[in-house]
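The chains referred to below are lettered A, B, ... by the order of the sequence lines, with proteins before strands, and numbering in each begins at 1.
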Amino acid sequence: MNLHEHQTKAIFQRFGIPAPMGKVATTSDQAYEIAKELGGVVVVKAQVLAGGRGKAGGVKVAKSPEEAREAAGKILGMKIKDLTVHNVLVDPGASITKEVYLGITNDRSSGKPVLICSYEGGVEIEEVAKTHPELVIKEPIHPIMGLHPYQVMNVASRANIPREYWQEFGDIALKLWQVFLQNDAVLAEINPLVITGENKLIALDGKMGLDDNALQRHTDLADLRDLTAEDESETQAREAGISYVKLNGQIGCMVNGAGLAMTTMDMTKLYGGDEVGPANFLDIGGGAKADRVAAALRIILSDPNVKAVLFNIFGGITRGDEVARGLLQAYEEVKPNVPLIIRLVGTNAKEGREIIETAQLPNVITASTLTEAAQKAVQAAKGAM
Amino acid sequence: MNLHEHQTKAIFQRFGIPAPMGKVATTSDQAYEIAKELGGVVVVKAQVLAGGRGKAGGVKVAKSPEEAREAAGKILGMKIKDLTVHNVLVDPGASITKEVYLGITNDRSSGKPVLICSYEGGVEIEEVAKTHPELVIKEPIHPIMGLHPYQVMNVASRANIPREYWQEFGDIALKLWQVFLQNDAVLAEINPLVITGENKLIALDGKMGLDDNALQRHTDLADLRDLTAEDESETQAREAGISYVKLNGQIGCMVNGAGLAMTTMDMTKLYGGDEVGPANFLDIGGGAKADRVAAALRIILSDPNVKAVLFNIFGGITRGDEVARGLLQAYEEVKPNVPLIIRLVGTNAKEGREIIETAQLPNVITASTLTEAAQKAVQAAKGAM
Amino acid sequence: MTILADKHTKVIVQGITGREGRFQTRLMVDYGTQVVGGVRAGKGGEWVEGVPVFDTVSLAVEATGANCSIIYVPGVGATDAMYEAIDANVPLIVCITDPVPVMDMMKIKEYLKQKPEIRLIGPNCPGLLTPGQAKIGIIPGYVATPGNVGIVSKSGTLTYEVINALTEAGMGQSTCVGIGGDPVPGTNFIEVLEMFENDPQTEKVVLIGEIGGRAEIDAAEWIKRHMTKPVASFIAGRSAPPGTRMGHAGAIVEGGEGSAEDKMNALRAAGVRVADNPEEIPGLLK
Amino acid sequence: MTILADKHTKVIVQGITGREGRFQTRLMVDYGTQVVGGVRAGKGGEWVEGVPVFDTVSLAVEATGANCSIIYVPGVGATDAMYEAIDANVPLIVCITDPVPVMDMMKIKEYLKQKPEIRLIGPNCPGLLTPGQAKIGIIPGYVATPGNVGIVSKSGTLTYEVINALTEAGMGQSTCVGIGGDPVPGTNFIEVLEMFENDPQTEKVVLIGEIGGRAEIDAAEWIKRHMTKPVASFIAGRSAPPGTRMGHAGAIVEGGEGSAEDKMNALRAAGVRVADNPEEIPGLLK
């Protein structure tokens, strides 16, 4: 789960990282009022969970409240990488002498968090890492001992930060580690960390990603989730305890298990080629109770692109006949108007298939192998297009 | 540095440990008012940094505000182990079904904190440890990983705590660890942890000792020091940066270095026998600047028992002639009226001794060995008695 | 011989009194696994599915001589359960629980460096299955049959598919190991591949991977250098868009790293036969 | 041969730009100690007492090949300084700073279990002196003279007394080690006794203890079992009242444990000659 800039900077402030921050506006009039209150030059920034905001015109400098209103009017409602901008942050302007990158993320290979710093900040750190890897300083953090103050001085030295800023820089880096640690973040990034004209360091922009696996112990953070920033169907799925990601294809997939769900997607793409592909990732979890199946089916069908639905259920713990009965019940409730391709494997799979075939539902096709099921789904989707 | 019961319980409450707590009274009228406000039975408890408070009559149950006034009147001003009671805590009464001991302290041998629990609480844990060691359960705590929840269940199981209290007990034990850790305590003790008539666990009494070495990072805790609970001269010494402990003998000691200071005490006792001994421990620290020597001399002489003062300075870094000049200056400022035995060793010791001898101060005796100095101090003290 | 577990492995179940723990205990017992005890603080002395419950892991180990623990403790309690098993020096620990915070796993992995004699598998994994001998986890026992194919996988149901396909093709399995799809797993591909390489019963190996991280690429490098037995592989997530997590905490292509294509290419370069479709796996092993 | 340090030991000074660090650096250099560098973040490139300053320990070690670090960093910064030296794998670390919180020391000691090749001496100690070769700490060099008596002590000035008394009696010292008076010291008596036992130059040993804890009693037990060289001892604090801390963080008799009498008795029972007065020590070693 990712946080918006204004949410991230509010957390930064709570941990003592200097992050100049204005207020969030949802209308251009609000932006006018905030700019008036702040006085002077302001920056109007789209609050959207996507990179490349600046290039897309989502950040504008305004020299007066009127200009702020105008800028907000242009940014609000704008689409950045498929996401609509619902909020802008109106921030006080800052004089910028130098932009530095400072972030913490997890390194999967070493199993350790890593502090990353580049004196060449302000741009995508991945870009700098590719073009000038020697300018990207990485310092591994001992997961148990945490980030030591001496390490931060090491980083300041290696990154060629001017000495007069070491103390301030070290202080901010240690606080960023606390932000990362205490919020179970997977990313906590200040980009840019700015040296101002007044020779102060401030976090001008910030980004945080949280560990979804840890939200169970951060209910306050879980509440920060911006539902307007995701597809409504994804919200519904999460509330139903279903793992769902909307995609752009035509074949709805309902699968148990994440690995098998990805594989099912891959098979529809493999046999669908450029014309037909997966409409979603969906892992329904263990078993396949009728109400959960019905909820999943409704979510899949809420996507108007869906021309066929592929059920691929490996009856491990749950028996195939039970799954089949659950499917029939869900079918009755939802009454889908697109073809359903059903593949049952595992315990009592044969009995399950018999139950479904006996029911003789319109638009229901059974398959026994994954290949067969995927091919039939592709065929059905193409036929309906 | 030790905390009073009411200070400890306030910390317990802040960390979520249920600790029923009334208010502190310094007069019997205040005790009356608090008892009236609390209603019902109250307990009036001397707030004094010494054990054996109950046996000394420092804890009384009062069934009415009038009784509370009377009890406070008896307890306030009472002396418990040489310490005058200046405050009482008026606590609401509690029904007690069972008293349990729960504490955390450091085990010096293993270099680890240790959780100690006994289902036979309410008495001195050292006593139980001697008479029934099998009833005292000890669980070492990994200094870096901290106390794991599973360990607390291990303790509950081994201590034979009834199962219905495990959850609550575990919760309190884990919070006690946080109290210990986050305050840099060397002791955090609930004794008794009480099972009430309502089947709840509450911390009826609490004791905390703080690591003096860590007070530099807990200025809020350092402010909790009760100056009325220590000798005024000890307060003055601490403020002057001098390590000082008042004792009951006749020979004031002024020494540089803790080990040598103890040794000097030991020597006065060795040669003074039952009649004469050390009046204090005093480590003046590195060097011996005149103002610090003067402050130390004043503190030593503020004790009316002192009949002689023994200076024992090993001039390591500081040169002996400098020390001698510092001593003379301090002498001029303080003008002591008891004999001063001065021993200088180390760098330029001879020059130092010459300076002192040349000054021909009344009541000043020099010595070259520790034995000689201690013997002369004993002699001088006896002569003045 | 098999790797990690066989019919002599004595298993305790942490979280045995929970819904999932109780249910899975029955399935493990039914399969013939030697489940010698369960653990749940406060429930010591009870019995679940014919298995005695103890208050702590140390008590359970002491009483039963268990040398393996499987963890079904739900939520954040799983982390504590792992520490309890580690501190009780249980040599094989299998954690089924999902989700476990990644910071907890990084700490545990670091802590385990001091205890190289302990092997942790998982979390967020289906556990182990040594067909005909021991089921330590949730892999459905009936789809498997004893044989000489070793399987190591990040996925649950996808593994069942492959086991099923192998069994239907008449190819039995030596041991099936689900290492889980978390970014920082207790045991990685290479560690299991090394065990298979050294296991006389295992003659062929299947590696089932997915998008995210570079574990499959590291495995490919290891295979190239050290593996003498034939390896077939399937990588899930070729059609997943970058920057989006696909169910598993670790299944995400980030910063240009972790794509299925890169992994498949690395494996092919290491001489691994890579399937486009998991149903091709038995054919690739013939 | 001597223990821990000799004229070849290359020393860096952490906290060299502070008042104490600067002053002590001069004394160490004057004594002939090979002080090859100093460390203070932000002051790299400066010079103190003819010694080059580096920003970090790793930079200092890399540039100078130092194999010892002495820490004068004041306050809580000393803890970080110890970690920096440990993580830079400096094999001998001497921490003079007082006070260091006991919880910090417990963590550091635990952390050091993973790095057995590193020896930490202190904190709150006067450091080491190998007479005529190296002064790594604040023990006044001129009182000592080379010889065959090894000294290990919890105390500072009391040690200077004993060194002085030995020198005046014509008995030189091999190495003098101040382990400090903290409850959880980096190095304890036994570790130093073992080094003396194995050091050909050391023929006799002096152990200077004080009230508090049971380090002297553990040492007595070790001496009884392993020590072949004669040991003399003095224990400070016989006249200290129980329950009161005497200057050093560790110097307190608590819960009936740590009294001077118990320690003296244990040492006597181990064949150690125990002095009533530190000035008797030279006589007891003759």
Fill in: Among B:Leu270, B:Thr371, B:Asp184, B:Val245, residue most engaged with chain D (heavy-atom pairs, under 4.5 Å)
B:Thr371
Worksheet item: Can you say whether D:Arg214 sits under 4.5 Å from chain B via the side chain, the backbone, both, or neither, judging by heavy atoms?
Response: side chain
Fill in: Step-by-step salt bridge (Lys or Arg N to Asp or Glu O under 4.0 Å) determination, D:Glu221 to D:Lys224
CA-CA 5 Å; D:Glu221 280 163 18; D:Lys224 202 171 186 175; over 6 Å; no
Response to the item:
Cut-off 4.5 Å, heavy atoms of chain D, and the answer for B:Asp212 is side chain
Discussion item. Taking side chain as everything from C-beta outward and backbone as N, CA, C, O, which of these in D:Asp98 sits under 4.5 Å from a heavy atom of chain B? Side chain, backbone, both or neither.
Written reply: side chain
Worksheet entry | Which of D:Ala251, D:Ala215, D:Gly243, D:Gly250 touches chain B most, by non-hydrogen pairs under 4.5 Å | D:Gly250
Discussion item. Given 3.5 Å as the limit, does a donor-acceptor pair link the side chain of B:Asn183 with the main chain of B:Val179, or not?
Written reply: yes
Discussion item. If we ignore hydrogens and angles and just use 3.5 Å, is the side chain of B:Lys246 paired with the main-chain N or O of B:Glu234 as donor and acceptor?
Written reply: no
Practice prompt. Assess whether ring-ring contact (aromatic ring centres under 6.0 Å, His included) is satisfied between D:Tyr111 and D:Tyr83, documenting all intermediate values.
Written response: CA-CA 9 Å; D:Tyr111 187 61; D:Tyr83 282 118; 5.6 Å; yes
Discussion item. Please classify the contact of B:Lys269 with chain D as side chain, backbone, both or neither, using a heavy-atom distance under 4.5 Å.
Written reply: side chain
Worksheet item: Are the side chain of B:Ser118 and the backbone of B:Leu135 linked by a donor-acceptor contact shorter than 3.5 Å?
Response: yes
Discussion item. Need one label for D:Glu279: side chain, backbone, both or neither, based on atoms under 4.5 Å from any heavy atom in chain B.
Written reply: side chain
Worksheet item: Among B:Ala258, B:Pro143, B:Pro278, which has the most heavy-atom pairs under 4.5 Å with chain D?
Response: B:Pro143
Fill in: Part of B:Asn312 within contact of chain D (heavy atom distance under 4.5 Å)
side chain
Discussion item. Heavy-atom cut-off 4.5 Å, strictly under: side chain, backbone, both or neither for B:Arg217 against chain D?
Written reply: side chain
Worksheet entry | Choice from D:Asn188, D:Asp276, D:Val184, D:Val143 maximising heavy atom contacts with chain B below 4.5 Å | D:Asp276
Item to complete: Please flag which part of D:Lys107 lies under 4.5 Å from any non-hydrogen atom of chain B: side chain, backbone, both or neither.
Response: both
Worksheet item: If you count heavy-atom pairs under 4.5 Å with chain B, which of D:His248, D:Met103, D:Met105, D:Glu161 comes out on top?
Response: D:Glu161
Response to the item:
One option among B:Asn213, B:Leu215, B:Leu260, B:Asp211 has the most heavy-atom pairs under 4.5 Å with chain D, and it is B:Asn213
Item to complete: Among B:Met267, B:Arg108, B:Met262, B:Gln216, single out the residue with the greatest number of heavy-atom pairs under 4.5 Å to chain D.
Response: B:Arg108
Discussion item. Quick check on B:Leu247 against chain D: is it the side chain, the backbone, both or neither that has a heavy atom closer than 4.5 Å?
Written reply: side chain
Worksheet entry | Contact winner vs chain D - B:Val186, B:Thr268, B:Thr263, B:Val255, heavy-atom pairs under 4.5 Å | B:Thr263
Discussion item. Using only atom types and a distance under 3.5 Å, with no angle test, would you say the side chain of D:Gln173 pairs donor to acceptor with the backbone of D:Thr145?
Written reply: yes
